There are 2 protein chains.
Amino acid sequence: MRYLLLTSYDGTSFCGWQSQPGRRTVQGEMERAAEEFFGVKTKVTASGRTDAGVHALGQVVMLDGATSVPAQKLAASFNGLLPPDVRAVKSAAAPEGFDVTRGAKRKTYRYVAYCADSELPPYSRCCARLFRRPDLGKMREAARLLFGAHDFAAFRSAGFTSKTSVREIYEVEIAEREEPFGFFYQIEVTGNGFLYNMVRILSGELFAVGAGKEEGITRAFETGERKCLAKTMPPQGLTLVKVDYGVPLFGTEE
Amino acid sequence: MRYLLLTSYDGTSFCGWQSQPGRRTVQGEMERAAEEFFGVKTKVTASGRTDAGVHALGQVVMLDGATSVPAQKLAASFNGLLPPDVRAVKSAAAPEGFDVTRGAKRKTYRYVAYCADSELPPYSRCCARLFRRPDLGKMREAARLLFGAHDFAAFRSAGFTSKTSVREIYEVEIAEREEPFGFFYQIEVTGNGFLYNMVRILSGELFAVGAGKEEGITRAFETGERKCLAKTMPPQGLTLVKVDYGVPLFGTEE
């Protein structure tokens, strides 16, 4: 039987999603819990990997196993075996022929950063810090260049390769919120998929444009050169919000 | 010379504000930094204490010492000596005769909780979890009973005593926000001061009323009995947002 777990984690104390020998990873913890639950070594696959320090609210993971526990109750069973910084929020039986990686139609990521007179420790694990308040109008204007299908080769860090670097961006929402002692900026981006570090690179470029840098997106599309764009934002501001498979996987409330 | 530091901390890894032998506290860390900075043992006093796990954005602290560093630059000097979960956001010279504890005119606290199908780890350090979505209308109606000056004796945990348990509440703002996979509730309360655990107790009562409990506030005022009210909310949802002294302490941007 193939099962799905809607999974949320605080990425701070993990070396990312993917299992690595001798390192604490989300996949490693989930495979340990799955082995304990099913009594046999069990592979746990996600919609995609996330880096060290990156969080998830709605990561979707898949695993095969045999149990008499009803699919909807699997989440609670796993939560008894997982450490507190990873939770199975919901569980379900996978649709026939489901592929958690290739089946993902849309992913939404969120990047949050704030501008304040110093680091604000209550936000240090989940936000990056900006040293200048960005101009939202400029950020939104630059964000419009990202919409649609483009070759995002310039928006990728070295180290991982995908067959193609063409991706389609459906939405980029940019919001500002004033809090006591700081201004908070949220970039929420939805696309059919993202290259390695793509959201952190495009967020860095949008914040830099907001702070007065000339936009490098047009040139980045033309040349495919990483150097046209501003620096990669740090991981802690990034959250994988949700993954859409075109069908409801966990019931209607999802 | 008397100095003020506007101080922010993530309370998760602290046993509260107040120094205790053999325990990691915010006051302990600040006094250690102050001793290192001034070269002599230095007492650091706050507007009030906060409990283990409670956060602060705008705690105000006071200390006496002699240095040639300009008052405005003291924050940066202290940040070089403090651990990353405490930051001095701003610094200033204290006004003549300033008392950081008795001079506080208004304090604002924020309590945040969410309702979701499981714990959502990215929010575990800064929010409590609710098991039922509260009715905002009922919460707001009950919150109105809190406005004004009352004897809040019932809204206090045992263990600390104040001369009087009369306090005045100026504002209670309750907001709901829908996020993917959860509903978030924020109670922001401003008053002339708060008793031990008062915000966590009044938040617990408001959430319970929102979930269908009959309001116990009227009876709590009449009898002074803690048992009229619902259970104390856990510390991680609470943040000391700001302290108002009736005069600007850190310049106009404050």
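Since we're looking at a predicted model, the values are computed, not measured.
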**Message:** For the residue pair Y9(A) / T50(A), report whether a side-chain donor-acceptor contact shorter than 3.5 Å exists.
**Reply:** yes
**Chi angles and distances behind the side chain to side chain contact (heavy atoms under 4.5 Å, CB included) call for M139(A), I187(A)** = CA-CA 10 Å; M139(A) 287 179 72; I187(A) 299 172; 3.8 Å; yes
**Request:** Can you check whether anything in residues 120-134 of chain B gets within less than 4.5 Å of chain A, heavy-atom wise, and list it by number?
**Result:** L120(B), P121(B), P122(B), Y123(B), R125(B)
**Message:** If the condition is side-chain contact (heavy atoms from CB on, under 4.5 Å), which residues does E31(B) pass it with, not counting sequence neighbours?
**Reply:** S19(B), Q27(B), K43(B), V44(B)
**Prompt:** Distance-only, no hydrogens or angles: does the R140(A) side chain make a donor-acceptor pair with backbone N or O of I174(A) under 3.5 Å?
**Reply:** yes
**Request:** Kindly say whether L5(B) contributes a backbone atom to a donor-acceptor pair with the side chain of T7(B) at under 3.5 angstrom?
**Result:** yes
**Message:** Tell me whether the rings of F37(A) and F78(A) are parallel (<30°), tilted (30 to 60°) or perpendicular (>60°).
**Reply:** tilted
**Asked** For chain B, which residues from residues 53-60 of chain A have at least one heavy atom closer than 4.5 Å to it?
**Response** H55(A), A56(A), L57(A), G58(A)
**Item:** Carboxylate-amine/guanidinium proximity below 4.0 Å for E35(B) and R32(B)
**Value:** no
Listed pairs under 3.5 Å, donor-acceptor, residues 234-250 of chain B side chains, sequence neighbours left out:
unit_1	atom_1	unit_2	atom_2	d
D244(B)	OD1	G246(B)	N	2.8
Y245(B)	OH	V100(B)	O	2.6

**Message:** Determine whether a donor-acceptor pair (N or O, by modelled atom type, separation under 3.5 Å) exists between the side chain of R87(A) and the backbone of P83(A).
**Reply:** yes
**Request:** Evaluate whether atom CD of E179(A) has more than 12 neighbouring non-hydrogen atoms of other residues, nucleotides or ligands under 6.0 angstrom away.
**Result:** yes
**Proximal component of A88(B), with respect to chain A [non-hydrogen, under 4.5 Å]** = backbone
